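First up is the structure itself, then whatever we jot down about it.
Order of the sequence lines fixes the chain letters, A, B, ..., with proteins taken first and strands second; residue numbering starts at 1 for each chain. These figures come from a predicted structure and were not determined experimentally.
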Number of protein chains: 2
Amino acid sequence: MSVAHITSPVSGPCGDDDCGIRDVLDRIGDKWTVLVIVELAKGVRRFGELHRAIPGISQRMLTLTTRQLCRDGLAERTAYPTIPPQVEYRLTPMGRSLAEAIERLAGWSREHKDAIADAREHWDAAH
Amino acid sequence: MSVAHITSPVSGPCGDDDCGIRDVLDRIGDKWTVLVIVELAKGVRRFGELHRAIPGISQRMLTLTTRQLCRDGLAERTAYPTIPPQVEYRLTPMGRSLAEAIERLAGWSREHKDAIADAREHWDAAH
DNA sequence: CTGTATCCGCAATGATACTG
DNA sequence: CAGTATCATTGCGGATACAG
């Protein structure tokens, strides 16, 4: 019982009103999770397919990322005991709803990408 | 010249279709940015107010975070040369639109928080 | 093919002291 | 009050080798 909650400096029980925000970011704010979700949003994918579809990710990180998605109930893993083994990942309904929310954020990014780039240039020029 | 693109394993020019997703996360995926944005979404805030409103953040990280928000055109800084000095931060229109997008994500989190917690318990029990 | 197990470096963050 | 400067720490993620 009482698993060690060693690390929870900020993501505590939302001290004020940011309930949920830190939660999401602790879940998708890492380097690879969103990319995996986005790829899985396109359909069922095998381990190797994900690996190839997401350039730069290591086997290790892909394993860790998919595992956490499964743990959080955002994805499901199906292993076929064939030889060689074959494993499929797919989003759960909850995972798909998260994928939609992420897509909206991506939309924001696309809309404001240029404005941000401009702001940066402007700022960098003055500093 | 060809500036050294030493590190841009993923955040490159969106190799496939995830255009924008990595961009946003590179901007708000860190430990403090969203918290500052959310706090500023409530209104104008002074440096010290932000510091107190966001438990656990260090002066250093608050400085770095606000500065990046300004650089990206998401927030504005107004310094009054009084004694002691007084500095105000506020979101720009673009910053407010991002705050809204974030709030929607937070909404998702609140909606699915329990389901995720359940999924974790279930998973942890079986592993 | 789909992972595990180790080792390791670096970048992000924290802590502390100092300044205008 | 609102930073800046510096050092210490830590944990994420990369590389590599190995396994079922």
Side-chain angles (χ1 to χ4, degrees), chain A residues 4-12 22 25-36 39-40 44-71 75-90 123 127, chain B residues 4-12 22 25-36 39-40 44-71 75-90 123 127:
Chain A
H5 274 176
I6 310 292
T7 51
S8 67
V10 186
S11 312
R22 259 294 135 204
L25 284 172
D26 286 346
R27 192 160 298 111
I28 69 169
D30 70 299
K31 199 170 179 180
W32 302 108
T33 299
V34 280
L35 296 179
V36 174
E39 185 60 27
L40 287 181
V44 177
R45 290 290 185 274
R46 295 184 49 177
F47 186 89
E49 291 177 326
L50 285 174
H51 201 186
R52 284 186 297 277
I54 304 173
I57 195 172
S58 62
Q59 255 181 2
R60 175 185 136 86
M61 289 316 294
L62 182 54
T63 299
L64 293 179
T65 303
T66 52
R67 182 181 301 153
Q68 208 195 354
L69 288 177
C70 292
R71 182 166 107 101
E76 281 173 347
R77 197 188 98 118
T78 313
Y80 301 95
T82 58
I83 293 197
Q86 180 169 346
V87 177
E88 287 179 352
Y89 293 94
R90 77 194 68 216
W123 205 92
H127 299 79
Chain B
H5 273 178
I6 310 295
T7 51
S8 68
V10 187
S11 311
R22 259 291 136 209
L25 283 172
D26 286 346
R27 191 159 298 110
I28 69 170
D30 71 299
K31 198 169 179 179
W32 301 109
T33 298
V34 280
L35 295 179
V36 173
E39 185 60 28
L40 286 180
V44 177
R45 291 288 187 275
R46 295 182 50 175
F47 186 88
E49 291 177 327
L50 285 174
H51 200 185
R52 284 185 296 277
I54 304 174
I57 194 172
S58 63
Q59 253 180 1
R60 177 186 138 83
M61 289 315 294
L62 181 54
T63 299
L64 294 178
T65 302
T66 52
R67 183 181 298 153
Q68 208 197 351
L69 288 177
C70 291
R71 182 166 107 101
E76 280 173 346
R77 196 189 99 119
T78 313
Y80 300 96
T82 58
I83 294 195
Q86 181 168 344
V87 177
E88 287 178 353
Y89 293 94
R90 80 195 65 215
W123 205 92
H127 300 79

Where is the tightest heavy-atom contact between B/Val87 and B/Ala79, given as atom of each residue plus distance?
-> CG2-CB, 4.1 Å

Shortest non-hydrogen contact between B/Ile28 and A/Leu25, atoms and distance | O-CD1, 3.7 Å

Measure from [atom1] on [X] to [atom2] on [N] and round the result to the nearest Å.
| X | N | atom1 | atom2 | result |
| --- | --- | --- | --- | --- |
| A/Arg22 | C/dT13 | CZ | C1' | 12 Å |
| B/Leu64 | C/dA11 | CG | C1' | 13 Å |
| A/Ile57 | D/dG14 | CD1 | P | 8 Å |
| B/Ile83 | D/dA2 | CD1 | P | 13 Å |
| B/Gln68 | D/dG3 | CD | P | 16 Å |
| B/Asp30 | C/dG14 | CG | P | 10 Å |
| B/Leu62 | D/dC1 | CG | C1' | 12 Å |
| B/Met61 | D/dT4 | CE | C1' | 14 Å |

First locate atom [atom1] of [X], then atom [atom2] of [Y], and finally report the distance between them rounded to the nearest 0.5 Å.
| X | Y | atom1 | atom2 | answer |
| --- | --- | --- | --- | --- |
| B/Thr63 | B/His51 | OG1 | NE2 | 8.5 Å |
| A/Glu39 | A/Tyr89 | CD | OH | 14.0 Å |
| A/Ile57 | A/Trp32 | CD1 | CH2 | 5.5 Å |
| B/Ile54 | B/Glu49 | CD1 | CD | 11.5 Å |
| B/Tyr80 | B/Glu88 | OH | CD | 4.0 Å |

Check: B/Arg27 side chain, B/Leu69 main-chain N or O, donor-acceptor pair, under 3.5 Å | no

Between the axis at one end of the helix from C/dC1-D/dG20 to C/dG20-D/dC1 and the axis at the other (five pairs apiece), what's the angle to 10 degrees?
-> 50°

In B/S/- notation (B base, S sugar-phosphate only, - none; protein heavy atoms under 4.0 Å), nucleotides 1-6 of chain C written 5' to 3' is BBBB-B

Within-4.5 Å side-chain heavy-atom neighbours: A/Arg67 and B/Trp123 | yes

